[in-house]
Structure formats: structure tokens, C-alpha cells
Asks: 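Just passing along the structure, written as C-alpha cells.
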Amino acid sequence: MAFTRAEAFAPASMGNVGIGFDILGLAFQEPGDIVEVELCDQPGAVMHSIEGDGGILPLDANKNTASVAANAYLRQIGAKQGVSIRLCKQLPLGSGMGSSAASAVAAVVATNALFGSPLSRQELLSACMEGEALVSGYHADNVAPCLLGGITLICGTEAAQIYQLPIPGNLHLALVTANVSVPTSQARAVLPTTIPLKAMVAQTAGVACLIDALYRGDVKQMAAAMELDGVVEPARTHLIPMLKEIRTAAKAAGALSVVISGAGPTLCAVCDDAEVAKEVAQVMELVYKQAQLACVARCTQVDREGAQVLSLHE
Ligand code: HSE
């Protein structure tokens with residue numbers, strides 16, 4: 001069947017999941033980006049319009065993660081026709097919530113639906129990563145959970161090197177995003193290029209503890225392990241407004257731990273109860289408000305499905 005228009009949603013995500021720098025990712029149920037693609041006779045992908053980005057993102061098809069990813073997909077399937085993309089940004093830019101990945105994934109998932117879904121989810125990974133690489137580097141800790149859902153272990157850039165991890169049932173997350181932009185490239189530039197063996201051992205132990213906790217559905221140990229990062233977080237603390245104050249206030253309100261979401265500035269508090277997560281979100285928001293810092297606070301859970309096709313028209 002030939003389709004003319006398709007629309008897809010791709011969720012926000014958290015790279016690293018605390019201690020798992022570049023190797024763990026987690027999809028949030030909300031918010032997410034929406035992309036609509038329309039079939040065109042000209043080959044390749046073009047950007048028709050973008051809303052919700054405050055005019056910041058480029059309409060140049062070579063510079064937008066959505067069109068770069070859709071173009072990679074079109075090349076992959078050898079499409080003779082192309083797509084025109086309408087991007088509805090609902091994720092804040094440079095926020096550590098996988099904004100660029102969500103646009104790339106939504107574009108590829110919508111385009112795949114438009115062409116009758118010739119490729120599986122796993123086969124869409126490389127095209128999505130080409131889009132993400134444009135702004136964030138060639139790593140899959142946002143793209144993989146965004147595309148596939150859940151909590152993912154990323155051992156390489158091939159789909160076969162990505163593993164779904166168990167999701168504890170009572171995992172509730174409170175997020176707060178201060179109104180400052182932290183580009184991933186800047187947050188990566190401050191990282192050490194080598195670390196002492198002792199630090200490597202501690203990081204490895206922390207990641208192992210986290211994986212063990214997930215397999216046992218133990219949110220308390222999961223939360224504690226996420227916070228054990230002694231390498232990346234210390235190097236980035238100065239980029240994240242009031243990390244220490246937010247952590248203290250969130251824990252006093254019942255959060256089990258607080259970590260930087262991806263490269264920041266979003267902070268993610270791990271809770272084991274929905275009501276506690278709501279309270280923690282309010283408390284974190286208050287800390288920023290009292291410091292005259294605009295922010296958005298949210299509660300969410302892990303998204304299990306990944307990006308979704310919202311509509312498909314003949
Ligand atoms: N893992 C990345 C980083 C963030 O911490 O730099 C996700 O792109």
C-alpha cells in the first residue's frame with residue numbers, strides 16, 4: 001500500500017543513567033518530539049517547517065538531525081522518492097533529555113512507516129545515529145532507548161550490541177530542567193581523557209552494581225549505584241546550576257538519588273513511589289525558583305515501547 005503522510009512520536013531519554021557514561025540509556029514516557037513526513041517526488045529529505053524551537057534549529061536539510069537521519073534512511077532503502085519534514089519540538093534543546101536523538105528517531109520511524117515499514121526497529125538504528133552524530137557524536141545512549149524503549153545497555157554502535165535491561169516496576173522519576181543550555185560538545189570537552197586505574201575499578205564496580213540491581217528489581221540499590229559516578233559528574237558539576245542544593249532538597253523530600261540526565265542540565269531524581277516523585281519535582285522546582293532561575297519540573301516513568309507511529313495516511 002502506498003502512503004502519502006506519516007507521523008511519529010519519539011520520547012525523551014536520559015543518557016548515562018548516572019554512572020553508565022555512554023553505555024546506558026533510559027527512555028522517558030514524556031515529553032517527546034513529533035515528526036510528520038510527507039512523500040515528495042524529489043529524492044532526499046527536506047525540512048518543511050519546525051515549531052516549538054524558538055527559531056533556533058536550522059531548516060537546512062544538511063544541518064537538522066531529523067532530515068540528516070531521514071536522508072540516511074532513504075539511502076539505506078534506496079528510495080527514489082523523498083520526504084518533506086514537519087518537526088514539532090516538544091523537548092528543550094541542549095537539556096540532557098535527548099532532544100536531537102528524539103527528532104532523528106521520530107523522522108526515521110515516520111519515514112519507515114511512510115514507505116510501508118520495510119525495515120525492522122533494529123535496522124533503523126544506524127540512520128538515527130547519523131542524525132544524532134551531527135550534534136552529539138556517534139554514540140547511541142539516547143538514540144537506542146528512544147528508538148527501542150526501556151533501559152538499554154549499549155556495548156557498541158550496532159543493533160546487535162544493544163541489550164534491553166529489566167525495568168523495576170516501582171521506578172518513578174522526577175526531572176527538573178533549569179533554563180540554561182549545556183551543549184553536549186561543551187559538556188564532553190570538560191571530561192578527563194585518562195583516569196587512574198583506581199577510578200576505573202570504582203566506576204566498573206558501580207556499573208555492575210547498577211545492572212545487578214536492575215535484574216533484581218531493587219530501586220534503592222539502583223538509585224545508589226547511579227550516584228557512584230566519580231569521573232564524569234565531578235568534571236561537569238560546574239556546568240549544572242545548584243546540583244548540590246537540588247540533590248540535598250530532593251533527598252530530604254524522599255528521593256533515593258539525583259543524577260545528571262545525559263550531559264545536563266536536566267537533573268533526574270530517582271524515587272520508588274509516584275507521590276514522592278511529585279513532591280520531589282515540586283521541591284526541586286522551588287530550589288531553582290528561589291534562586292530566580294527559571295525551570296521546568298516533571299514526573300515521568302520509563303517508556304517501554306520507544307518511538308511510536310501516530311498516524312499513517314494513504
Ligand atoms: N553520554 C553523553 C554524555 C550524553 O554524557 O556526554 C548523551 O548524549
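Start at 1 and go down the list; that is how both ligands and their atoms are numbered. We count residues from 1, following the sequence as given.
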Asks: By side-chain contact (heavy atoms from CB on, under 4.5 Å), which residues pair with Ser185, not counting sequence neighbours?
Replies: Pro183
Asks: Starting at CD of Gln221, measure out to CG of Leu256 and round the result to the nearest 0.5 Å.
Replies: 12.0 Å
Asks: Report the residues that fulfil side-chain hydrogen bond (donor to acceptor under 3.5 Å, both in side chains) with Asp53, sequence neighbours left out, ordered by chain and then residue number.
Replies: none
Asks: Could you tell me whether the side chain of Lys89 and the main chain of Ser99 form a donor-acceptor pair under 3.5 Å?
Replies: yes
Asks: Indicate every side-chain donor-acceptor pair of residues 160-170 with a distance under 3.5 Å to a residue at least two apart or in another chain.
Replies:
residue, atom, partner, partner atom, Å
Gln161, OE1, Thr157, N, 3.2
Gln161, OE1, Glu158, N, 2.9
Gln164, NE2, Gly149, O, 3.4

Asks: List, for ligand 1, each N/O atom that has a protein N/O partner under 3.5 Å away, with both atom names and the distance.
Replies:
residue, atom, partner, partner atom, Å
ligand 1, 1 (N), Asn16, OD1, 2.8
ligand 1, 1 (N), Asp22, OD1, 2.6
ligand 1, 1 (N), Asp141, OD2, 2.5
ligand 1, 5 (O), Asn16, ND2, 2.8
ligand 1, 5 (O), Arg236, NH1, 2.8
ligand 1, 5 (O), Arg236, NH2, 3.3
ligand 1, 6 (O), Arg188, NH1, 2.7
ligand 1, 6 (O), Arg236, NH2, 2.8
ligand 1, 8 (O), Asn142, OD1, 3.1

Asks: Can any side-chain N or O of Thr4 pair as donor or acceptor with the backbone N or O of Glu314 at less than 3.5 Å?
Replies: yes
